[in-house]
Protein chains: 2
Amino acid sequence: MTDLARTPKHIGNLIRRTRKKLGLSQAELGDKAGFRQETISLIETGNPATRLETILAVLAALDLEFHVAPRSKDDDAMIEDIF
Amino acid sequence: MTDLARTPKHIGNLIRRTRKKLGLSQAELGDKAGFRQETISLIETGNPATRLETILAVLAALDLEFHVAPRSKDDDAMIEDIF
DNA sequence: GCTCTATATGCGCTATATCCTATAATTCAA
DNA sequence: TTGAATTATAGGATATAGCGCATATAGAGC
């Protein structure tokens, strides 16, 4: 099961969804990833200027990882449903 | 076919590989993505502080996109082979 | 070797991440 | 509804992105 992530908002929503599924607060996730609650808040609200390594650390703390794949028409059809 | 990308270096290598496969110079890719040659250079060498939106724009210029998936044991086995 | 292109590096600039601290605003349960 | 927890926001400090511009290396071909 993989989720498409083309924009910072996609990624933020995905992180928030996963964090809540795991029953974590932003502060708890921040602890696990090595960042502050405020930083998690910014990421989840779609801050486009977040540092790459910060995103990677937060994903890892949620046991997630990025995969890179060709953009596909299937994804285009799916893209509106992400929110 | 998807590629695992757990670190800025993974992502940089992937971008460089794809760019060369497409016969583009760093400057040409920069043009397509809206950034400078120097910025592409930094990304390809694994700069961990690159802005998220910059990475996303460069991936899009290469017709690539991120997917988010659970970290898997299969990935752990594969991880050493990325370089 | 030499030349041309491609890539990496440097400086000064503005913008912003993240930290730290604090607090406002929102959500949720009792 | 109220009180506690959670999330969003703010200001000052430090670090660094990406810009523009310049240049130094590095590579590929002759």
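This structure is a prediction, so every number in the text was calculated from the model and none was measured. No hydrogens, no waters, no symmetry mates; every other heavy atom, side chains included, goes into these values.
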[X] [atom1] to [N] [atom2]: how many Å, rounded?
{"X": "B:L29", "N": "C:dA6", "atom1": "CG", "atom2": "P", "value": "13 Å"}
{"X": "B:E28", "N": "C:dA6", "atom1": "CD", "atom2": "P", "value": "7 Å"}
{"X": "A:D31", "N": "C:dC19", "atom1": "CG", "atom2": "P", "value": "11 Å"}
{"X": "B:N47", "N": "C:dT9", "atom1": "CG", "atom2": "P", "value": "12 Å"}
{"X": "A:E53", "N": "C:dC19", "atom1": "CD", "atom2": "P", "value": "10 Å"}

How about A:R16 and A:Q26: do any of their side-chain heavy atoms sit closer than 4.5 Å?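 Answer yes - side chains close enough.
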What I'd like to find out is whether the side chain of B:R17 reaches to under 4.5 Å of the side chain of B:D3, using heavy atoms alone.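 Touching, per the 4.5 Å side-chain cut-off.
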Can you list every pair that meets ring-ring contact (aromatic ring centres under 6.0 Å, His included) and has a residue in residues 34-66 of chain B, with sequence neighbours left out?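 Found A:F66-B:F66.
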For residues 53-62 of chain A, tabulate all N or O donor-acceptor pairs below 3.5 Å that involve a side-chain atom, not counting sequence neighbours.
from	atom 1	to	atom 2	distance (Å)
A:E53	OE2	A:R51	NE	3.3
A:E53	OE2	A:R51	NH2	2.3

When you measure from every atom of DNA chain C, which of residues 37-44 of chain B have a heavy atom less than 4.0 Å away?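 The answer is B:Q37, B:E38, B:S41.
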Rounded distance (nearest 0.5 Å) linking atom CD of A:E44 with atom CG of A:L14: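 Output value for this atom pair is 10.5 Å.
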Measuring from atom OG1 of B:T50 to atom CD1 of B:I40, what distance do you get when rounded to the nearest 0.5 angstrom?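 It comes to 9.5 Å.
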Over all strands shown, is B:G34 touching base, sugar-phosphate only, or nothing at heavy-atom distances under 4.0 angstrom?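 Sugar-phosphate contact only - B:G34 comes under 4.0 Å of backbone atoms but never of a base.
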Look at the side-chain N and O atoms of A:R36 and state whether any lies under 4.0 Å from the OP1 or OP2 oxygen of C:dC20.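 Answer is yes, contact under 4.0 Å.
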Side-chain N or O of A:T54 less than 4.0 angstrom from OP1 or OP2 on C:dT18?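 For A:T54, the contact criterion (side-chain N or O under 4.0 Å from OP1 or OP2 of C:dT18) is met.
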Go nucleotide by nucleotide along DNA chain C from the 5' end; which of B:R16 and A:A49 gets its closest nucleotide reached first?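 Going by which nucleotide is closer to the 5' end, it is B:R16.
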Measure across [X] and [Y] and return the closest heavy-atom pair with its distance rounded to 0.1 Å.
{"X": "B:H10", "Y": "B:R6", "result": "ND1-N, 2.9 Å"}
{"X": "B:P8", "Y": "B:G46", "result": "CB-O, 3.3 Å"}
{"X": "A:R19", "Y": "A:L24", "result": "NH1-O, 2.8 Å"}

What string of B, S and - do you get for nucleotides 25-30 of chain C, 5' to 3', if B is base contact, S is sugar-phosphate-only contact and - is no contact with any protein heavy atom under 4.0 Å? ------
In degrees, rounded to 10°, what is the bend between the two ends of the helix from C:dG1-D:dC30 to C:dA30-D:dT1, using five pairs at each?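 Rounded to the nearest 10 degrees, the bend comes out at 60°.
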Take A:I11 and A:I15, measure what side-chain contact (heavy atoms from CB on, under 4.5 Å) needs, and give me the verdict at the end. CA-CA 6 Å; A:I11 294 170; A:I15 285 172; 3.9 Å; yes
Using the rule given for side-chain contact (heavy atoms from CB on, under 4.5 Å), can you reason through A:E28 versus A:K32, listing the C-alpha separation, both sets of side-chain angles and the distance that settles it, and then say yes or no? CA-CA 6 Å; A:E28 289 170 324; A:K32 287 189 70 168; 5.9 Å; no
Same apolar cluster: A:L52 and A:L64, side chain cutoff 4.5 Å: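 Yes: a chain of side-chain contacts under 4.5 Å links A:L52 to A:L64.
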Would you say A:N13's side chain and A:K9's backbone share a donor-acceptor pair under 3.5 angstrom?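 Judged by distance alone, yes, a pair lies under 3.5 Å.
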Check: B:S41 side chain, B:Q37 main-chain N or O, donor-acceptor pair, under 3.5 Å: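 Not a single qualifying donor-acceptor pair exists.
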I'd like the 5' and 3' limits of the part of DNA chain D contacted by chain B, with heavy-atom contacts below 4.0 Å.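 Contact boundaries, 5' end first: D:dT16 to D:dA22.
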